[in-house]
There are 2 protein chains.
Amino acid sequence: MNTQTNFPEVFGALADPTRFAIVERLLNEGDLPVGQLAEPFKMSAPAISRHLKLLESAGLIERRIEKQWRVCALKKERFADLHQWIERYRAFWNTSFDRLETLLDNQQGEDNDSSR
Amino acid sequence: MNTQTNFPEVFGALADPTRFAIVERLLNEGDLPVGQLAEPFKMSAPAISRHLKLLESAGLIERRIEKQWRVCALKKERFADLHQWIERYRAFWNTSFDRLETLLDNQQGEDNDSSR
DNA sequence: TCTTTAATTAACCTAATTGTTAAATGAAAA
DNA sequence: TTTTCATTTAACAATTAGGTTAATTAAAGA
């Protein structure tokens, strides 16, 4: 399997709200240069730069140089790995949801967790 | 969608190797009492206890009392949430793998998603 | 060349995380 | 009821994470 994927490291990269938002944005808007990625946050450029470096080390993004900009892009492989990982849990979460299953089958009009 | 699922928090819970191993073990071996979960680690009981508390706060596990033991179990909802999240990236990672696709096809086989 | 723009690296500070040991809790067994 | 077992809480120390400002690099444009 994907023995080269260090899942705790990847999850650690996604564990910060800023980094998570960056990843989500790259999914929704496609590749973006560092400056534009930084713009929505009221955080210094060096802080963003370090977040991006961490995402890159975890293999979630890559940076390429384009003229005077560093453009960030999601790396497909890592997301494929994450998908494979969570798929292993399908047999568990997808069975006998009992009274929860109707709710979820409705395709998430809302969530159903009452634990918090 | 699952707006009340705090993904950075959930990822943070999975970002520690000990906690990740605990979650994997619960998937592979089913519900286990705290003492047995702690056994493979050369870490004090309080340390394990706090890891479990964090997993519980993130909604990844729950603890029930059974005789003199606290038995830990994975929570389906949270894994379903994670799956829904990564599914949103499928359109991205599943298309035009280009020269990578042969490499990855070797190991992952076909995916069988039924959630949409 | 000189200046500007884009981004990173360095040095530093504070807060959060993760581990420890000792004490506390609460149910079961004696 | 007293002891034992299973686990948690409290208090504390060491490390890591995440932010800041100042200095550096590197390419573009004047």
Side-chain angles (χ1 to χ4, degrees), chain A residues 6-26 29-75 78 115-116, chain B residues 6-26 29-75 78:
Chain A
N6 182 343
F7 285 103
E9 185 192 13
V10 173
F11 290 133
L14 295 167
D16 178 89
T18 301
R19 290 193 297 266
F20 182 75
I22 286 171
V23 167
E24 288 279 283
R25 184 133 175 256
L26 287 173
E29 304 182 27
D31 305 359
L32 287 170
V34 172
Q36 260 185 261
L37 277 175
E39 204 231 292
F41 304 99
K42 46 163 164 281
M43 196 181 289
S44 64
I48 297 293
S49 184
R50 284 198 3 203
H51 281 308
L52 294 174
K53 189 173 193 176
L54 210 149
L55 285 169
E56 195 173 39
S57 318
L60 285 164
I61 69 165
E62 62 193 347
R63 276 178 281 197
R64 62 174 185 275
I65 293 171
E66 227 163 81
K67 296 192 176 173
Q68 66 260 227
W69 299 285
R70 270 75 161 201
V71 177
C72 298
L74 296 181
K75 284 190 75 177
R78 204 52 80 234
S115 75
R116 279 183 296 143
Chain B
N6 183 341
F7 287 103
E9 185 192 12
V10 173
F11 290 134
L14 294 167
D16 178 90
T18 302
R19 290 194 295 266
F20 180 75
I22 286 171
V23 167
E24 288 280 282
R25 184 133 176 257
L26 288 173
E29 304 182 26
D31 305 359
L32 286 170
V34 172
Q36 259 184 262
L37 276 175
E39 204 231 291
F41 304 100
K42 47 164 164 281
M43 195 180 292
S44 65
I48 296 293
S49 184
R50 284 199 3 203
H51 280 308
L52 294 173
K53 188 174 192 176
L54 209 150
L55 286 169
E56 195 173 38
S57 317
L60 285 164
I61 69 164
E62 61 194 348
R63 277 179 280 197
R64 62 176 186 272
I65 293 171
E66 227 163 82
K67 296 191 176 174
Q68 66 259 229
W69 299 286
R70 270 76 164 201
V71 176
C72 298
L74 296 181
K75 282 191 76 176
R78 203 52 81 236

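These numbers come from a predicted model, not from an experiment. So you know, we letter chains A, B, ... as the sequences are listed, proteins then strands, and number each from 1.
Residue Ser49(B) has its side chain nearest to dT9(D) when only dT8(C), dT20(C), dT9(D) are considered. Here the nucleotide nearest the side chain of Pro46(A), chosen from dT9(C), dT8(D), dG19(D), is dT9(C). For Gln68(B), whose side chain is taken as the heavy atoms from C-beta onward, the closest listed nucleotide among dG18(D), dA6(D), dT7(D) is dA6(D). Considering only side-chain atoms of Lys67(A), the nucleotide from dA10(D), dA28(D), dT20(D) that sits closest is dA28(D).
An OP1 or OP2 oxygen of dA7(C) is reached within less than 4.0 angstrom by no side-chain nitrogen or oxygen of Arg50(A). In this structure, Lys53(B) reaches the dT9(D) phosphate: one of its side-chain N or O atoms is under 4.0 Å from OP1 or OP2. In this model, the phosphate group of dG19(D) is approached by a side-chain N or O of His51(A) to a distance below 4.0 Å at OP1 or OP2. Regarding contacts with the backbone of dA27(C), every side-chain N or O of Arg70(B) stays at 4.0 angstrom or more from both OP1 and OP2. Checking the phosphate oxygens (OP1, OP2) of dG19(C), no side-chain nitrogen or oxygen of Ser44(B) falls inside 4.0 Å. Regarding contacts with the backbone of dT18(C), a side-chain N or O of Arg19(B) is found under 4.0 angstrom from either OP1 or OP2.
One atom, CG of Leu37(A), and another, P of dT8(C), lie 10 Å apart when rounded to the nearest Å. In this structure, Glu9(B) atom CD and dT17(C) atom C1' are separated by 14 Å, rounded to whole Å. Residue Ile65(B) contributes atom CD1, which lies 10 Å from atom P of dA28(C) at whole-angstrom precision. Nucleotide dT18(C) holds its C1' atom 11 Å from the CD1 atom of Ile48(B), rounded to whole Å. Between Leu14(B) atom CG and dT18(C) atom C1' there is a gap of 17 Å when expressed in whole angstrom units. Note: CG (Leu32(A)) to P (dA6(C)) measures 15 Å, nearest angstrom. To the nearest angstrom, C1' of dT5(C) lies 9 Å from CH2 of Trp69(A). Rounded to a whole Å, the CG atom of Asp16(A) is 11 Å from the P atom of dT17(C).
No option in Arg19(B), Arg78(B), Glu62(B) other than Arg19(B) meets the side-chain contact (heavy atoms from CB on, under 4.5 Å) test with Leu55(B). Looking at Gln68(B), Arg64(B), Arg63(B), Arg70(B) one by one, the single match for side-chain contact (heavy atoms from CB on, under 4.5 Å) with Glu66(B) turns out to be Arg64(B).
Looking at heavy atoms from C-beta onward, Leu37(A) lies in side-chain contact with Leu26(A) at the 4.5 angstrom threshold. Two residues are said to be in side-chain contact when any heavy atoms from C-beta on lie closer than 4.5 Å; Met43(A) and His51(A) meet this criterion.
The aromatic rings of Phe11(A) and Phe20(B) sit tilted relative to each other, their planes meeting at an angle between 30° and 60°.
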